[in-house]
Participant: 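The following block contains the structure, expressed as structure tokens.
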2 protein chains.
Amino acid sequence: MVKYAELDLVFQALCDPTRRALVEQLTLGPASVSELAAPLPMSLPAVHQHLKVLERSALVRSEKVGRVRTCRLELTMLDTVQDWIDARRATWERRLGRLDTYLAALPPETPASINQEKEQV
Amino acid sequence: MVKYAELDLVFQALCDPTRRALVEQLTLGPASVSELAAPLPMSLPAVHQHLKVLERSALVRSEKVGRVRTCRLELTMLDTVQDWIDARRATWERRLGRLDTYLAALPPETPASINQEKEQV
DNA sequence: CGCATACTTAACCATGTGCTTAACTATGTG
DNA sequence: CACATAGTTAAGCACATGGTTAAGTATGCG
């Protein structure tokens, strides 16, 4: 049920501001390696390595034509991230739902103990 | 406009499977450090360090009462992640929208050149 | 007080990450 | 062919990460 090893790679890819900048640039459309590197304050090999991390995470796909490599964004992996977040939120909300019914079923004579009971559900 | 330095910490916190497991556990409700550590195949100090990473990212908040530290999940940061993802998707969709209107405005006599023109928008 | 419990801190170690510069490999162009 | 262009690879370096064990600090209980 939990084969979320790919999430390691996606989250790790996105935890670096340079790589998020690359992703943001690629949402505007495909670009070559040097086009992507141009605005960034680092060497071309550095950008190349960041792109490898992004490709490893499947956030970016690329193909080389002639001597130019064109990189494109792959949104599928952002869906995977969103699915994980949604699943956590779902569990969280379900817990709060059970909490409400539990509190509603309580005798209303113990208002002072609510804060303690609340978190034990 | 882009003060997303917090995203570094959140994505970095979530890129480790142990820490995601901790987050998943905490969606079920608050827990102490040893409760969180019990099912994990590592020492207590290791878990303690993971929790520090999660707290640094603001995904987890904790308070110590007596000698027990109780950890709770903080969903706000998941919203921040989701906002970033939504923003990327929005740019992406807007680009595809422009692409559609551009293609619709094209003279229909050049079907073979579509694949080339497509990505230059 | 004496001892267990629940962390917490410190020191250490192996690997991984994010750069750098230098050198190498195509691939177009005049 | 000569030369520029666009990547790519390799080596090295500083620092971060994820674990370990050992020792230290409160706190609660009999």
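Below, chains carry the letters A, B, ... as their sequence lines are ordered, and counting in each starts from 1.
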Participant: When rounded to the nearest 0.5 angstrom, what distance separates CZ in B/Arg61 from CG in B/Leu54?
Facilitator: 13.5 Å

Participant: Once rounded to the nearest 0.5 Å, what's the spacing between atom CG of B/Asp16 and atom CG of B/Leu22?
Facilitator: 8.5 Å

Participant: First and last nucleotide of DNA chain C touching chain B, 5' to 3', heavy-atom cut-off 4.0 Å?
Facilitator: C/dA4 to C/dT9

Participant: So, using salt bridge (charged side-chain N to carboxylate O under 4.0 Å, His left out) as the criterion, who are the partners of B/Arg19 when residues are at least two apart?
Facilitator: none

Participant: Would you call B/Arg89 and A/Asp79 a salt bridge, using N to O less than 4.0 angstrom?
Facilitator: yes

Participant: So, is A/Gln12 close to the D/dT17 phosphate, meaning a side-chain N or O under 4.0 Å from OP1 or OP2?
Facilitator: no

Participant: Rounding to a whole Å, what distance do you find between A/Arg69:CZ and D/dT9:C1'?
Facilitator: 13 Å

Participant: Among residues 53-68 of chain A, which residues get a heavy atom nearer than 4.0 Å to DNA chain C?
Facilitator: A/Gly66, A/Arg67

Participant: Would you give the length of the straight line joining atom CG of A/Leu9 to atom CD of A/Glu6, rounded to the nearest 0.5 angstrom?
Facilitator: 8.5 Å

Participant: What heavy-atom pair brings A/Ser62 and A/Arg69 nearest, and what distance separates the two atoms?
Facilitator: OG-NH1, 2.8 Å

Participant: Please, which pairs that meet side chain to side chain donor-acceptor pair (under 3.5 Å) have at least one residue in residues 27-44 of chain B, sequence neighbours excluded?
Facilitator: none

Participant: Is there a path from B/Val53 to B/Phe11 through hydrophobic residues (I, L, V, M, F, W, Y) whose side chains come within less than 4.5 Å of each other?
Facilitator: no

Participant: Listed by chain and number, what are the salt bridge (charged side-chain N to carboxylate O under 4.0 Å, His left out) partners of B/Asp86, not counting sequence neighbours?
Facilitator: none

Participant: For DNA chain C, which residues in residues 38-48 of chain B have a heavy atom at a distance below 4.0 Å?
Facilitator: B/Leu44, B/Pro45, B/His48

Participant: Measure the spacing between CG of B/Leu75 and CD of A/Glu93 and express it to the nearest 0.5 Å.
Facilitator: 7.5 Å

